[in-house]
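Notes for the one structure printed next.
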2 protein chains.
Amino acid sequence: MGEASQLQKVYNQSKYKLANHGVRDIEVLRKAFESRDGGLVSDLYGTGQIIEDFQSKMASYLGKEDAVFFPSGTMAQQIALRIWCDEKGNKKVAYHPLSHLEIHEEDGLKELHHIETVLLADRKRVIDLNDVMNMEDGVSAVLLELPQREIGGQLPSFETLRDISEYCRVNKTRLHLDGARLLEVLPYYGKTAAEVCALFDSVYVSLYKGVGGIAGAILAGDQDFIKQSKVWKRRYGGDLISLYPYIIPADYYFDMRAHRMEQYFKEAKEVAERFNACYGISTLPAVPVSNMFHVHFHFSKEQVEPILLEVEQQSGIGLTSHLKEINDQSCYFEVHMGDMYSEIPEELVIKAFDLLNQRMKRDLNNEAVYE
Amino acid sequence: MGEASQLQKVYNQSKYKLANHGVRDIEVLRKAFESRDGGLVSDLYGTGQIIEDFQSKMASYLGKEDAVFFPSGTMAQQIALRIWCDEKGNKKVAYHPLSHLEIHEEDGLKELHHIETVLLADRKRVIDLNDVMNMEDGVSAVLLELPQREIGGQLPSFETLRDISEYCRVNKTRLHLDGARLLEVLPYYGKTAAEVCALFDSVYVSLYKGVGGIAGAILAGDQDFIKQSKVWKRRYGGDLISLYPYIIPADYYFDMRAHRMEQYFKEAKEVAERFNACYGISTLPAVPVSNMFHVHFHFSKEQVEPILLEVEQQSGIGLTSHLKEINDQSCYFEVHMGDMYSEIPEELVIKAFDLLNQRMKRDLNNEAVYE
C-alpha cells in the first residue's frame, strides 16, 4: 500500500483533477434530490411514477420498445444473456476475453446459469466480423462491449458493427450491447443512441460512468424481453422495494451530462496528445474514440510513481490516484474525462505536462527500454 | 382496481394512519442525510468507512463474527442457503410453505441454484420441533422465519427455537434465520437480538420493515460464511459501487427505532384488542407477538370495503389502503404498528372503532356466517 496510498493522498489533496466528475461523496446524492418535492412518493417493487417515467425516457432515448431499471449492470447483463440462451435452448454465449462478465463478476454467469462462454478476438484487439463468422456453432448470443474498456476503450468501426449485426440477424444469433459507456462513444460514431442500439437486440447502459449517477443500469429491448427480465430481476433480489435513491440521481445527471459527451471526447483527444508528447509515455488508443483511454509508461511502477507524485504536488493537478503494474518494465493508469478538466486553467495544464515530460526525461532517459 | 383504489385514495387522504411509519416519500431519504457531512465519501464495491462501520455495528448487535450489507433480503437469503448446501454437498433446504422464498421470489432459489425445497408444517401454523425431527433426510439447512409473516406474524416459543437449534446442531443441519422482522419479536421473547441469533448459524435482518429504512438487508454469520457470501454478492450483481443511499438511512432509522419495538408491540396488542371487540372481525394471531397482525373479516371484500371507506372518511383515520380477498365470505388486511399510531388522539381511536363496530353490526348483522 505504501507508495500507492501516498499517490492516492496527494491526488486527493490536489486542487484540480485531470479526469472524472469529482469526488464520489454524499453531496452527489443530495444535489440530485435538492430540487425534488419532498412528498414525491417512492417507487414500489418496480412500479410507480419515478421508475416508470425514467424507464420510458430511457427506452425512448435508446430507441427500444421498453426498458427496466436494474441496481447493477452485472445483474442486467447476466439476465439478458440467460433470456437469449433460453430462447434458443442452448446455453452458450460469445464475448471478448476481457469482458466484464469474464473477469469482474466472480463467474456469476457460469455459477448461476451454467452458461458456457466462447471467447472472441484476443486480449489486444476488439471483436471483428471474422471472429463472429468463425465462432463455433450453437452460440445463442454475442455480446459486444462499446468501447472495450480493458484495452483503453477501443471500438470497431460502425460498418463492422453493422456487418456483425446483419450476420447475427441472418444466423439467428442474438446481439447484446454492453453499453456501459454507450453515451461516451456516440460522438465518435456521429450517431444517436437509437441508431447504435438499432443494431442490437438488447442493450445495457450504465448510469454512473459518463453519466455520473450513484449506481444503477438500464436494460432495454422489446416488450417480451423486458417482461422476462423483470421476472429474473425479482429472482435475483434486484426488484427492490425502492430504487429511487439511484433513479433520481441517474435522471438528474443524465439530463446534465448526456449532451456533454462531445466535450469529454474532444478533451480526451487533447489530453491524450499531451501524454503522447511526453518522453516514455503513450496512450491506448493513440487517439481516443470516447472520453476514455489508458496512459502507458514504458518503465516500472517503482520508477514512475515518484515522478507522478512530484508532478501532482508541484502542479496541483491530480493526474491519477494509482498506477497499475503490467510487468517490470511497464505500468499504466486509466483516464475517463469528465467535468473536472474544464475547471483547470489551461496554462496550468501546459505547465504540468511540461514538468511531467522533463521529469520523465531527466530520471529515466538512460533506462528507456523500447521494443 | 375501482373500489380498491378508492380505498387507497381515502386512506392516503386520511389525517391519521393507524399503522406504519408514514408515507414512503423521498423526505425519508433526505431526513437521514440531513445531519451528515456532505464530504463523506461513498463506499466503493463493499469497502470504505460507511459500509464497514455499519456492518461491524450490526454484527455486534446480532452477536455474530461478521456481517455484510445486501441490497435485498431475497439476494441475501438465497445466498445463505446456497452456501450451506455447498458445505454439505446436498442441494436441499427446508422451510415453511409460506416462506418468502417459496411465494414471493419467482422461484429464484430453484431457478438460480437448483436447490430442492422441503416444506415443513402447514400453511396454518408455524414450524415445530416435530416437523424438523420428521423431515426427510439430506436437508442441508432449515430456514425459520420469525415471525411467520403470511400467517399474521406467529412465533414458536423460545423453548421450541432452542430445541430446534439443538436438534439441528446435533444432526449437522444448518439453521438460518429469516429475521426480516427480528427486532419486532424481541420484546415478546424478552431476549436480545444476540440471544436469539445465537441459536442460528446465519441470520438475515431487513432494514426497511420495523426499522423503516429505504431498502437493504444485513446477512450475518461467521467469518468464513460472510467471506463466501461476498463472492456470491458479486456474482448476483449486488456488490454495487455505492450502497450508501441505503446504508445511511438504515443506520439512521435503526438508531431511531430499534428501542421503540416494545412500544409497537404494546400498541399492536392494544389495537388488536380493539379490532377483536368489533362485530365480525378477528385478528390473527388473537394476541399479537410482535408489532404485526392480520385483521380478518368474516364477510366478503365487497361487503367490507364500503364500511371501511365510511369509517376512514368519518374518523379521519386510515385503517388500511387495501383489502385482500380470501374467498366469498372473508377478506383481510395486514397491520404493522409503527410511528403513526401514537400521533392519533386516543378519543379519535375510540370513536373510530366504535363506528367500525356499529357499521359492521348495522350492515352485516343478518348475513354473518360463522363456522
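No hydrogens, no waters, no symmetry mates; every other heavy atom, side chains included, goes into these values. Quick note on labels: first sequence line is chain A, next is B, and so on, each numbered from 1.
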Non-neighbouring partners of B:E87 that pass salt bridge (charged side-chain N to carboxylate O under 4.0 Å, His left out), sequence neighbours left out:
B:R174
For A:E102, check salt bridge (charged side-chain N to carboxylate O under 4.0 Å, His left out) against everything at least two apart and list the hits.
A:K110
Could you look at B:E34 and say if it's the side chain, the backbone, both or neither that has a heavy atom under 4.5 Å from chain A?
backbone
Chain A heavy atoms under 4.5 Å from B:V23: which part of the residue, side chain, backbone, both or neither?
side chain
I want to check something: taking the side chain as every heavy atom from C-beta on, are B:I248 and A:L29 in contact at a cut-off of under 4.5 Å?
no
Would you mind reporting whether A:H104 and B:R234 have side-chain heavy atoms less than 4.5 Å apart?
yes
Between [X] and [Y], which heavy-atom pair has the shortest distance, and what is it?
| X | Y | result |
| --- | --- | --- |
| B:Y244 | A:D25 | OH-O, 3.6 Å |
| A:H113 | B:L112 | CE1-CD2, 3.6 Å |
| A:S242 | B:R24 | OG-NH2, 2.5 Å |

Using the ring pair (Phe, Tyr, Trp, His ring centres under 6.0 Å) definition, which of the options A:W232, A:Y236, A:F70 pairs with B:Y236?
A:Y236
With a 4.5 Å cut-off on heavy-atom pairs, point out which of B:A215, B:G38, B:G108, B:A76 contacts chain A the most.
B:G38
Determine the interplanar angle of the B:H114 and A:H114 rings, folded into 0 to 90°, and report it as parallel if under 30°, tilted if 30 to 60°, perpendicular if over 60°.
tilted
Closest-packed option against chain B by number of heavy-atom pairs under 4.5 Å, given A:L101, A:I50, A:L243, A:I79
A:L243
Any residues in residues 40-47 of chain A near chain B, with a heavy-atom distance under 4.5 Å, and which are they?
A:L40, A:V41, A:S42, A:Y45
If you count heavy atoms of other groups shown closer than 6.0 angstrom to CD of B:E52, is the number above 12?
yes
Check for a donor-acceptor pair, side chain of A:R36 on one end and backbone N or O of B:I26 on the other, with a separation under 3.5 Å.
no
N/O donor-acceptor pair under 3.5 Å between B:R235 side chain and A:E111 backbone:
no
Mind checking the CE-CG spacing from B:M75 to A:D239? Nearest 0.5 Å is all I need.
11.0 Å
All side-chain contact (heavy atoms from CB on, under 4.5 Å) counterparts of B:T74, not counting sequence neighbours
B:S72, B:Q78, B:H100, B:E105
